[in-house]
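Data block below; observations after.
We name chains A, B, ... by the order of the sequence lines, and we start the count at 1 in each one. Computed from a predicted model, the values in this text were never measured in an experiment.
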There are 2 protein chains.
Amino acid sequence: MNNIVMNNVRVAVDNCIFAVRDGRLEVLLIQMKKEPFDFAWALPGGLIEAGETLDGAAARILEQQTGVRDVYLEQLYTFDDRSRDPDGRVISVAYVSLIPWEGRDLKTTDKYRAVQFWDCDRVPSKLAYDHREILDYARNRLAAKIQYTNCVWSLLPERFTLSELQNAYETVLNRNLDKRNFRKKVLSLHLVKPCGEKSSGGRHRPAMLYSFESREPELVEVF
Amino acid sequence: MNNIVMNNVRVAVDNCIFAVRDGRLEVLLIQMKKEPFDFAWALPGGLIEAGETLDGAAARILEQQTGVRDVYLEQLYTFDDRSRDPDGRVISVAYVSLIPWEGRDLKTTDKYRAVQFWDCDRVPSKLAYDHREILDYARNRLAAKIQYTNCVWSLLPERFTLSELQNAYETVLNRNLDKRNFRKKVLSLHLVKPCGEKSSGGRHRPAMLYSFESREPELVEVF
DNA sequence: TATAGTTAGTGTGTAAAGAACACTAACTGC
DNA sequence: GCAGTTAGTGTTCTTTACACACTAACTATA
């Protein structure tokens, strides 16, 4: 009977940082510089530090890589990572972050070979560790969550048009929505409010700008 | 700058084991026998053992306490436990298990003072560690999950009446459902199938017995 | 300055789903 | 055979979801 209690598990936090850009869902990956995954792409992450909470570690990773703070950040799932180095066990607590495409500021460090956003549909087929599994899980969770919470706020800037909002939903859900039904829905839910100004700059009719009623997590039956 | 990497985190698995009994949602608690929580009630759990996966640890705890296997078992959330002993850090990966009230077989060991099911609405107001928080989180997750998956199968025996099924939903959701609408719904979803036999023994009209189409996790929009 | 190009903004009708509601049927125990 | 108890069944109404097409307002350029 196996009763050896594990006292030396290492705990990593990995963060799926998503943004919407030009109708594509993108995720931040870093290219590794160390064996056994040299050159492989991976989710940003790392072992938790002393005195740090799990949420704190996820927020730290997010800010270190993108400079972004105070966005939607949610624990996703805890993975048993069987592909990590065999000298001691690692479990990975995965997080999802949603950031507006504008406002990010990618940091390059010599810790990694590269840091960049990837179209989720075009990430390298093999990622380091079990990060492919984590990413797939995260996309599914995000698509579910955007339908019953207001988390979409975290993908958009302070002020936005209803078309931009619709585009964020369409991108995450990977399907088209009817413009009139969409507007009826979000307005009737009081998810957003007009802020009286209009967009400018496009070679077309200017659009009313909106902002979110709340930028705190709330349950809202959007679809 | 704090860059001390934690290498010696201890990882515990705690399991919220639910059953439905006489219209009440019950949860299994153990009464502790060691300081600093001597006499306090807690969720069954413990540190993961060598070579064991997280899911494996949860299944082990479930079977050790109840003798039950092969039921619905789902990872809930990973908690940073700040109330644990200060000599080294513990994080707790919480699980939810659903078991049929019939078929359990509680084990008493001298590891604990007592092991028993508690009506969820009447558990002691203070549980050990952060287990009160975990339990509240688990109840909410269960109430959500029973509405869009078929997980209710795990609360019922192999064969059951539609009234028993309805009762399981009403108990978890903590609200009454209309009998005719309920039956229309579950039958149209093909969640269950009649198995041709009738219940007996009650001092009333016997009911048709049903069984689940599937006892594997599936997404089903029940409500 | 007229026009082509582009996105913004708006309402109605139809189909599907959800919610409310009450009686008869079939068994048991006395 | 009667009282007690749970099983089983349809219809109507309300609400929500879905499909669908044109005009408005701006910019750039010819």
Exercise for the section: Check whether any side-chain nitrogen or oxygen of A:S163 sits under 4.0 Å from OP1 or OP2 of C:dT7, and answer yes or no. Expected result: no
Exercise for the section: State whether the distance check finds a donor on one side and an acceptor on the other, under 3.5 Å, for side chain B:R180 versus base C:dA22. Expected result: yes
Practice task
Tell me whether the guanidinium CZ or amine NZ of A:R122 lies under 6.0 angstrom from the six-membered ring centre of A:W118 and within 45° of its axis.
Solution key: no
Exercise for the section: Compare side-chain N and O positions of B:R183 against OP1 and OP2 of D:dG8 and report whether any pair is under 4.0 Å apart. Expected result: yes
Handout entry: Gap between atoms CE and P, on B:M208 and C:dA25 respectively (whole Å)
Key = 17 Å
Practice task
Looking only at side-chain atoms of B:K185, point me to the closest of C:dG18, D:dA7, C:dG11.
Solution key: C:dG18
Fill in the blank from the handout: Heavy-atom nearest nucleotide on DNA chain D taken for A:P206 and for B:R205; more 5' hit belongs to B:R205
Handout entry: Nearest-angstrom distance from the residue atom CZ of A:F182 to C1' of C:dT10
Key = 16 Å
Problem - Length of the CG-C1' vector between B:L187 and D:dG8, whole Å - result: 11 Å
Problem - Protein-nucleotide distance (A:F223, atom CZ; C:dA17, atom P), rounded to Å - result: 18 Å
Practice task
Please report, rounded to the nearest Å, how far the P atom of D:dT5 is from the NZ atom of B:K179.
Solution key: 15 Å
Handout entry: Exam field: side chain B:S188 to backbone B:K185, donor-acceptor pair closer than 3.5 Å
Key = yes
Fill in the blank from the handout: Of B:G201 and B:V222, the one whose closest nucleotide on DNA chain C sits nearer the 5' end is B:V222
Fill in the blank from the handout: Checking D:dA28, C:dA8, C:dC21 against the side chain of A:R203 (C-beta onward), the nearest is D:dA28
Problem - Flag for A:T78-B:T78: side-chain donor and acceptor within less than 3.5 Å - result: yes
Exercise for the section: Indicate, yes or no, whether a donor-acceptor pair under 3.5 Å links the base of D:dT11 to the side chain of B:K184. Expected result: yes
Practice task
Would you confirm whether A:Q166, through its side chain, and A:F182, through its main-chain N or O, come within 3.5 Å as a donor-acceptor pair?
Solution key: no
Handout entry: Length of the CD-P vector between A:E170 and C:dT7, whole Å
Key = 13 Å
Practice task
Rounded to the nearest angstrom, tell me the gap between atom CG in B:D178 and atom P in D:dT12.
Solution key: 16 Å
Fill in the blank from the handout: Here the distance between atom P of C:dG9 and atom CD of A:Q166, to the nearest Å, is 11 Å
Handout entry: Straight-line distance of B:I17 CD1 to B:I61 CD1, nearest 0.5 Å
Key = 8.0 Å
